Amino acid sequence: QVQLVESGGGLVQPGGSLRISCFGSGFALADYGVAWFRQAPGKEREGVGCINKANTRTYFVDSVRGRFTVTRDNARSLVHLNMFRLMPEDTAHYYCAVGEQWDCLGAPSTLTPYDKWGQGTRVTVSS
């Protein structure tokens, strides 16, 4: 019943910008904090950033801090990961996740029992 679907991935040049989105259906996405993760080739999945359900707090890991933002569009049941000044190191599959017992108090962790994961969208940064 509960589904998360990511979209907006693609190929972008270094230094460019891209917005990817997380769409929630079958539930009220506005009732949840949303976490973003990524997994690069040959690497483990890692937390990227998050936004709390009240839209009052965000968190980003050091590698993307100042370059990425997370915004909410509750009327459209969407959460966006806005990426600027992209680098080849940002190339990865990006995933969103939600959890009833989690609300973006710090770095998203794959050890947290999130209730739902999306299928991921691929972002490739290359010239």
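Every value quoted in this text rests on a predicted model; they were computed, and no experiment measured them. Position 1 is the first residue of the sequence; numbering continues from there. What you see below is based on every heavy atom in this structure, not just the backbone, and it leaves out hydrogens, waters and symmetry mates.
In this structure, Lys116 NZ and Gln3 CD are separated by 6.0 Å, a value rounded to the nearest 0.5 Å. Going from atom CD1 of Ile20 over to atom NE2 of His80 covers 11.0 Å, rounded to the nearest 0.5 Å. Taking OH from Tyr94 and CZ from Phe68, the interatomic distance works out to 4.0 Å, rounded to the nearest 0.5 Å.
Phe84 and Ser17 make their closest contact through CD2-OG, 3.5 Å (heavy atoms, listed as atom of the first residue, atom of the second, distance). Heavy atoms only, all atoms of each residue included: Ser77 and Gly24 are closest at OG-O, 2.7 Å. Considering all non-hydrogen atoms of both residues, Pro108 and Trp102 come closest at CG-CZ2, 4.4 Å. The shortest heavy-atom contact between Thr91 and Ala40 is O-CB, 3.4 Å. Here the closest heavy-atom approach between residue Tyr95 and residue Glu6 is recorded as CA-OE2, 3.1 Å.
The shortest side-chain heavy-atom distance between Cys50 and Val70 does not fall under the 4.5 Å cut-off. Inter-residue side-chain proximity for Thr71 and Ile51 is flagged as unmet; no heavy-atom pair is nearer than 4.5 Å. Looking at Arg67 and Met87, their side chains come closer than 4.5 Å, going by heavy atoms from C-beta outward. Two residues are said to be in side-chain contact when any heavy atoms from C-beta on lie closer than 4.5 Å; Leu18 and Leu86 meet this criterion.
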- Determine, stepwise, if the pair Thr110 / Thr112 fulfils side chain to side chain contact (heavy atoms under 4.5 Å, CB included). CA-CA 5 Å; Thr110 57; Thr112 299; over 6 Å; no
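Looking only at distances, a side-chain donor or acceptor of Asp115 sits under 3.5 Å from a matching main-chain atom of Glu100. Formation of a donor-acceptor pair under 3.5 Å by the Thr121 side chain with backbone atoms of Gly9 is found in this model. Under the 3.5 Å distance criterion, the side-chain polar atoms of Arg72 are matched with a main-chain donor or acceptor of Asn52. Although no hydrogens or angles enter the test, the distance criterion places a donor-acceptor pair under 3.5 Å between the side chain of Asp103 and the main chain of Lys53.
In terms of the ring pair (Phe, Tyr, Trp, His ring centres under 6.0 Å) criterion, residue partners of Phe37 (sequence neighbours excluded) are, by chain and number, Tyr114, Trp117.
Ring orientation note: the planes of Phe27 and Tyr32 are nearly perpendicular, at an angle over 60° on the 30°/60° scale.
By the neighbour-count criterion of 12 heavy atoms within 6.0 Å, atom CZ of Arg57 is densely surrounded, having more than that number from other residues, nucleotides or ligands.
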